[in-house]
Every structure is written in C-alpha cells, then in structure tokens.
Amino acid sequence: MPFDRYNRDIDYLRISLTDACNLRCVYCMPEHMTFRPREELLSDGELQRLISLFGAAGFRKIRFTGGEPTLRPGLVDLVRHATQTPGIETVGLTTNGVLLAGLAAPLRAAGLRSVNLSLDTLDPEKFRRLTRWGKLDAVLAGLDAAAKAGLRLKLNAVVSRGTNDREDVVALARYTLEHPWQVRFIEQMPFGNNSEFQLRSLVNEDELRAVLAAAYGPLEPVNNGRLDGEARLYRIPGAAGSLGFISPVSKPFCADCNRLRLTADGVLRLCLLRDNEVDLRPLLRGGASDDELSATIRRAVTAKPWGHGLEQHLIPATRGMSEIGG
Ligand code: SAM
Ligand code: SF4
C-alpha cells in the first residue's frame, strides 16, 4: 500500500486527460485561454502504461478529469483499460456533461459505474453567463442519459457569491428529494492570477448550509458527520439523495487526503493547492523502465506535502484548476 510520510494511505489518482475545454467557467479559466499542443499531452499508450503501474503500486481508484475529459477521443478505451487494470477497484469521471448524452451508454458499457457532473445552476441564462456560452439543455440531456444508462450520479456545484448562492443552490438541492443523487457544493478555491476574484466571491459551508436549512428545515447529518471522500454529507429529512459540502477553504480535510493528480502533460501534482510537482513525461519519453517509473511514483507519494497553505496566504501559482482537474 502506498503510505506517505504522514501515514496517509495514498490510493487515489486523478488523471487530467486534456487541459482543453468546451466551456469557459468564469471561476476556472479566462475566456481567451490557450491550451497545450497535442504532442505535449500524454498519449493513450503512455496513460495506459502509467495506469497499470499505479494499479501495481497499490492505487485503488482512478478518476478521469480535465479540462473536459469527454473531448479526449480515446476516453472510452481509457476507461475500459482502467476498469480492467489489476488493483484498480473504482473508476470515475468528472465532466461538465455537455457531451455526455452521446457517451453515457458507451462509458457504462466500458465499465464506468459513476459520474460526477458539474452543474452550478438550473437557470439557462445564468448557466450561459457562468460558462460564457454553455447551453444548459445539453447538460441536462447528459444528466438524463447518465441516469438512464445506470450510472451513479453526483452533481458538483461551485458556489460564487452573488451568482448562484441563493435560489440556485436551493433548486439544485431539490433534486435530492426524488433522486438518489449526491448534490455537492464546493467552496471556490484560489489559483494564480484569478485568486482575488475567487476569494472575494467565496461562500463558505456554514453560510450555505444556513441557506439550505432556511429552505428545507434542519439538515440531518449522514454518517455521523464523517467525511465521505472529501465531502461532509447531510440529508433533507425524507430525501432520496444527500447533500455534500466540499469545503477545502473553511474546513480543510488535508489530514484525510488520499490522492495524487496527474496532469495532461504528464506531471504528478502532489497537492491540488501547492506547486510541488514530479514530471513523469521525460522518463516516459526517455526510455525509463517500469521499475524506474514505479520507484519515481513511490518517491512522489513519500514527498506529498502535508496540506495546503491557504491560511498562510500561499496560493498555487503555476497552474489553474483546468490544468489540474480539480
Ligand atoms: N470540466 C470538467 C468539469 O467541469 O467537471 C472537469 C474539470 S473541472 C476543473 C473539475 C471541477 O473543478 C469542476 O467541478 C469545477 O466546477 C471545479 N472547479 C473549477 N474551478 C474551481 C475553483 N476555482 N474552485 C473550486 N472548484 C473549481
Ligand atoms: Fe471547463 Fe470544467 Fe473549467 Fe468549466 S470547470 S471551464 S467545464 S474545465
């Protein structure tokens, strides 16, 4: 098992398949973002090799993310490879859902069991403004297709003050009354030159829970308040699904962190909110053996920093969220 030097069991790898995206969410990237050329991204073959090595190293969970992972032509085959990799027990996908309507059934057939779909509002005009040009209908069609394909669903909403922190979160939470889904609210995190905006419009968990309790009555803690992954779960009394709060800023969960991240250009990011990185691409392209790569992965696990430094005003500078994958 891959334990880090703080005795955390690091068994979860999030893989960004591309830094490109078909939306431009205002809290994530600028409108005129430039993306990496194809040759800088790991190939499907390079990714498959790494997935096998991570499985052999004791990693049990893989999540594909982006940018927008559904833009990657080889996504379905990569999911199939991951689900068939010895050691890997869980494979997930985080997507904005725009292209999910056509992909949900093939992904399910490739062995995917669950999808995290990002959706910040159910108001079509606000959705367009938040994503700069997105069409809510396409995402709702993706959500519908995912549910019909039998994929377990979590909805992720990043909450921004003055944008979606009132009626939008209340409307999203309403989904849980009838659907067995987890609707999760994420505190907005600061990155690089967008950090001032991101911190200014942060809405913290306590405030958000008060908004939801005012609409639905007191929320019931689920699991006695223990974390489910990175989310603390509650339920509207009598609801089929649950509400999750992912609160890295106001209630850091670094002590329970179990993950590494692989960027689309082949860099292991040791903490989402710190710039410590280990570049695997020169090894992959320089003829390194499996043993050498595995040793580098083990060293990266050991070198994982304890936690983020937001309280000390240390804000990650080298990459934005879309280049890491959340
Ligand atoms: N494009 C896919 C999507 O939106 O689901 C996957 C990549 S996206 C970077 C992963 C998650 O990060 C999304 O749920 C998105 O809302 C969230 N995210 C983006 N920028 C964020 C920020 N500054 N703070 C917190 N979450 C953020
Ligand atoms: Fe794209 Fe996801 Fe970032 Fe939105 S949050 S711009 S969908 S990568």
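In what follows, residues are counted from 1 in the order of the sequence shown. Order of listing sets the numbers, starting from 1, for every ligand and every atom in it.
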Notebook entry, point to check: Linking I/L/V/M/F/W/Y whenever any side-chain heavy atoms sit under 4.5 Å apart, do Leu71 and Trp133 land together?
Noted result: yes
Notebook entry, point to check: Does Arg269 pair with Glu277 as a salt bridge, N-O distance under 4.0 Å?
Noted result: yes
Notebook entry, point to check: Should the pair Trp181 and His179 be assigned to parallel (<30°), tilted (30 to 60°) or perpendicular (>60°) ring geometry?
Noted result: parallel
Could you check ligand 1 for N or O atoms lying under 3.5 Å from protein N or O atoms and list the pairs with distances?
from	atom 1	to	atom 2	distance (Å)
ligand 1	1 (N)	Gly67	O	2.9
ligand 1	1 (N)	Glu68	OE1	3.0
ligand 1	4 (O)	Ser118	OG	3.4
ligand 1	5 (O)	Thr95	O	3.3
ligand 1	5 (O)	Ser118	OG	2.5
ligand 1	14 (O)	Ser118	OG	2.8
ligand 1	16 (O)	Tyr27	OH	3.2
ligand 1	23 (N)	Tyr27	O	3.4
ligand 1	23 (N)	Met189	O	2.9
ligand 1	23 (N)	Gln198	NE2	3.4
ligand 1	24 (N)	Met189	N	2.8

Notebook entry, point to check: Knowing that exactly one of Glu40, Glu39, Glu46 qualifies, which makes a salt bridge (charged side-chain N to carboxylate O under 4.0 Å, His left out) with Arg285?
Noted result: Glu46
Notebook entry, point to check: Taking a hydrophobic cluster as the set of Ile, Leu, Val, Met, Phe, Trp and Tyr residues connected by side-chain heavy atoms closer than 4.5 Å, whether directly or through intermediates, do Ile236 and Val159 fall within one such cluster?
Noted result: yes
Next item on the list: Mark yes or no for whether Arg261, through its side chain, and Gly326, through its backbone, hold a donor-acceptor pair below 3.5 Å.
Entry: yes
Notebook entry, point to check: Which of these, Thr94, Asn22, Asn96, Thr18, sits in a side-chain hydrogen bond (donor to acceptor under 3.5 Å, both in side chains) with Glu68?
Noted result: Asn96
Notebook entry, point to check: Does the gap between the ring centers of Phe245 and Tyr234 come in under 6.0 Å?
Noted result: yes
Note to self: No waters, cut-off 2.8 Å: how many protein N, O or S atoms are close to atom 1 (Fe) of ligand 2?
What the structure shows: 1
Next item on the list: Using modelled atom types only, decide if a donor and an acceptor are shared between the side chain of Asp19 and the backbone of Arg36 within a distance under 3.5 Å.
Entry: yes
